[in-house]
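Encoded as structure tokens, the structure appears first; notes follow it.
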Amino acid sequence: MAHYNFGKIEKKWQKVWAKNKHKIWHTAMPGQHLISNPKHYILDMFPYPSGEGLHVGHAEVYTASDIVSRYYRMKGFNVLHPMGWDAFGLPAENYAIKTKTHPREVVKKNVQRFKEQLQSLGLSYDWQREINTTDPEYYKWTQWIFLQLFKKGLAYEAETPVNWCTQDKTVIANEEVADGYCERCGGAVERKNLKQWILKITAYADRLLEDLNGLDWPERVKEMQRNWIGRSEGAIIKFKVPMPTGRQESSKFEVSVFTTRPDTLDGATYVVLAPEHPLVASLLNVKNQSISRRTKIKNIEEVLNYIERSKHRSERERQENKEKTGVELKGVKAINPLNNEELPVWIADYVLLNYGTGAIMAVPQHDERDREFAEKFKLPIINRPLININEVIKKVSGKKIVNYKLRDWVFSRQRYWGEPIPIIKCEKCGNQPVLEEDLPVKLPEVKNYEPTGKAESPLAGIEKWVNVKCLKCGGQAKRETNTMPQWAGSCWYYLAYLRGSQKSKVKSQKLVDPESEKYWLPVDFYIGGVEFAATHLLYARFWHKFLYDIGIVVTKEPFKKLINQGLILGPDGQKMSKSRGNVVNPDDVVKNFGADSLRLYEMFMGPLGDAKSWDPRGIVGSQRFLSRVHGLIGSHAKMKSQISNFKPQINPNDQNSKIEKLLHQTIRKVSEDIENFRFNTAISALMILMNGIEKQPLLEIRNSKLLIKLLFPFAPHLAQELWEKIGSKTLLDYEEWPKWDPNLIKEKTFQLVIQINGRMRDIIVVDIGISQEEAEKISLNREQVKKWLGNQKVKKTIFVKDRLINFIV
RNA sequence: GGGCGAGUGGCGGAAUGGCAGACGCGAUGGACUCAAAAUCCAUUGAUCGCAAGGUCAUGAGGGUUCGACUCCCUCCUCGCCCACCA
């Protein structure tokens, strides 16, 4: 059988769908009457429209959500299934620097290509709701949310470290750092502190943790978020560090450590500070630039060298299990507040400034890392009895606290291509929020997107834009020139779709129409990669909870059910990448095999959530299957007048009744599998049905219709084509999903497995509901059973109803 | 280093406490053909046996159970994420 002309069929129906005057995939706009049907909001993680174009991994998620959307539409649900573009970000900017094109133009081109590619897969999006995070009408509201955060004290400025390329004189992303050097220019990278905007996500830590319990998310994602938030109970204990000059005691010369084990305090044998810890600078007395005279530290050179070295190591490197490094601050001692013992003080870069207090007390007897360190540097390891936690804390005036691994969210980027942070800075009056009526603060045009050589955004160079009047005093002020991170736009985009069409968006004076929000939220199915577990998914939950607090939304959580898709690896089992040369381009696959074959194959490859490698031969199986369906129904459609009168027989032994049963089993299997995102087994069930139908002497039109409907969510073009071929004029989107008859599926008999000592020795067909006595009687009469039992005595019999009987001898 | 997953035929996978290998790919043999492709039919975990049938087998080792791919423990290997890639 030759393959059907998928190219022609697919183009034909894509055209019909695009033009369709009934707007099959459109849902009611804000202000329009909402249908009272039950709803499903089925959301894809929207793509970053990269220059590479659509990836087969995109095709995988989007096909999955498309199947579910089509299924629920046929089940009578009001389905919202939108798509948009997460279009701010680094690659567009880097490309702009290289080619001198405006990122806006790059994004426009890429979006167009992505959209065409998505449409070539036959995905049923409500395109009238399309959004783009770089659209000023869009980022106006991203900025608006920032203003609300600022007004509630949840956005603040503080010094935080960035990767500073010493050659380019610019801040670079983690991704652009390779082994301590800048990936682009090869210059050395060091950590440098910069004043940046920070969002207080830690204020929501407890709620973000608590509310995970109510979410229908994969347990592993919830677990990742729990660990990321990293709640731990412990205490802050202060160690005095006597003034190195030996004169008066000062509160400055003490160090607070966070410990989860205050009960081990008696066994502490040394104290470790992060190299950046402010106490280290104080001890070195750096500000006088006369370190050596006023400090007690005897090994200044060594200490300074170590601090300098740490600057060049990333956080990850510092925590890696290579040899632990550290330097003792010779001459400095910390006093254990419990027993007044003098402890040596070290600096080591495995202690991080931004976790806990940036300082630890080391108890080598109880902590593995401390012991390793102690063994390497020959520090004492002592075993002292544990003391009751409350007693310790009371005795040393410690403070019980809850500590989180979660850190506040650094929200500034020294970049052009992002949302400008809507703040005006006045030297006299401080930070002023831009007035809401002045939003959006639009990105101005710049001549080039190159870094400025100072740690600031290219926006800083546009004087006309930067210089403004202070809103309070009217004096000379400047705009904030940092932009927001790419995550900002994706924190609320599921709400942006509810703003509706371009027309209703422009008209709207609110972030989201309350009616629409009440009806559509929460998102029922949110589908995307597990790699966002601790970033986007946490950031979006944080913003949503904030919007809940200020009365914008009525739900506490944005995404009710989360579904993860796994990576599609190259044929070599490696992650697809240009440099490996193992990238599969979906355009080629669509051209050579058809969109329906691509969709079917990607869903058939394995469980949605698993990583799986692309097998260039595997797709022919999917294509072969579709061609067989096309051949069978297509050829029979010509004779439809003859077969439509065919009457099914009632006789249960008749072929026709068998196929009836298979059909209903398949309807059930496919329905249940779609609802549970198990597409690989759903497709396998369709194949089994097809194999059964092919063996039939005659094809009943009713059976064709059922098969077509079941196939439709997976291979919509072919299904719609065949639907037309058998004489139906409707669009399948409006057809009802088949129901199964439980009576037709019910089995009357089953295969009873007979085991002896747990090993299968015989199998017989018996009636469902057979009693243990009867099963025993029949089994013990079987030749096979007699042979295996011999003259051994049955000690025990295990009977599992409608399944097996096991004789223990 | 930390966190989260996964290991089943030649390959992708199915079975989540009860017949291991559904469905598909590939391979082998056959039909059709001058021939090839396509298609159709049959076989296809390993091993012993003429056969009936047996034994072994789900990364390795142990445990729980009448019974373990499935649950528990130890180990090995691989994948993903780690806060400025998205």
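All chains are named by letter (A, B, ...) in the order of the sequence lines, taking the proteins before the strands, and each is independently numbered beginning at 1.
- Classified by interplanar angle (parallel below 30°, tilted 30° to 60°, perpendicular above 60°), the ring pair A:F146/A:W197 is perpendicular.
- With the nearest nucleotide of RNA chain B identified for both A:A87 and A:G621, A:G621 has the one nearer the 5' end.
- Residue contacts for A:A534: at a heavy-atom cut-off of 4.0 Å it reaches no nucleic acid atom on any strand shown.
- Between A:N680 and the phosphate of B:A14, there is a side-chain N or O to OP1/OP2 separation shorter than 4.0 Å.
- Distance, A:R313 CZ to B:G1 P: 13 Å, rounded to whole Å.
- Of the N and O atoms on the side chains of A:N482 and A:S457, not one donor lies less than 3.5 Å from an acceptor on the other residue.
- Nucleic acid contact class of A:R759 (heavy atoms, under 4.0 Å, all strands): sugar-phosphate only.
- Within 4.0 Å of A:Q751, counting heavy atoms only, lies at least one base atom of the nucleic acid.
- Among the protein residues, A:L567 comes within range of the sugar-phosphate backbone only, with heavy atoms under 4.0 Å from sugar or phosphate atoms but none that close to a base.
- One atom, CZ of A:F532, and another, C1' of B:G5, lie 18 Å apart when rounded to the nearest Å.
- Residue contacts shown for A:R407 include a base, since a base heavy atom lies under 4.0 Å away.
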Quick one: which protein N/O atoms are closer than 3.5 Å to N/O atoms of nucleotides 66-73 of chain B? Pair and distance per line, please.
residue: B:C66; atom: O2; partner: A:N806; partner atom: ND2; Å: 2.4

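- Here A:K669 lies out of heavy-atom contact (under 4.0 Å) with every strand.
- Among the heavy atoms of the strands lying under 4.0 Å from A:R761 are primed sugar atoms or P, OP1, OP2 only; no base atom is included.
- At B:G26, one or more side-chain N or O atoms of A:R624 fall inside 4.0 Å of OP1 or OP2 (strictly under the cut-off).
- Contacts of A:S412 with the nucleic acid, taken as non-hydrogen atoms under 4.0 Å apart, include base atoms.
- Proximity of residues 596-607 of chain A to RNA chain B (heavy atom under 4.0 angstrom from any strand atom) is restricted to A:F604, A:M605, A:P607.
- A:V162 comes within 4.0 angstrom of a nucleotide base, judged by non-hydrogen atoms across all strands.
- Counting only heavy atoms from C-beta on, A:V753 has its side chain closest to B:C19 among B:C85, B:C25, B:C19.
- For the OP1/OP2 pair of B:G24 and a distance below 4.0 Å, the side-chain nitrogens and oxygens of A:N691 include at least one atom meeting the criterion.
- More than 90° away from 0 lies the glycosidic angle of B:G45, which makes this nucleotide anti.
- Checked by distance alone, A:E531 brings no side-chain donor or acceptor within 3.5 Å of a matching partner on the base of B:C4.
- Nearest-nucleotide mapping onto RNA chain B: of A:Q414 and A:G573, the residue sitting toward the 5' end is A:G573.
- Within 4.0 Å (heavy atoms only), A:E93 reaches no atom of the nucleic acid at all.
- Residue contacts shown for A:L90 are limited to sugar-phosphate atoms, with no base heavy atom under 4.0 Å away.
- Among the protein residues, A:W788 comes within range of the sugar-phosphate backbone only, with heavy atoms under 4.0 Å from sugar or phosphate atoms but none that close to a base.
- Base contact: A:R413 has a heavy atom under 4.0 Å from a base atom.
- A:K795 comes within contact range of no nucleotide atom at all, as no heavy-atom separation falls under 4.0 Å.
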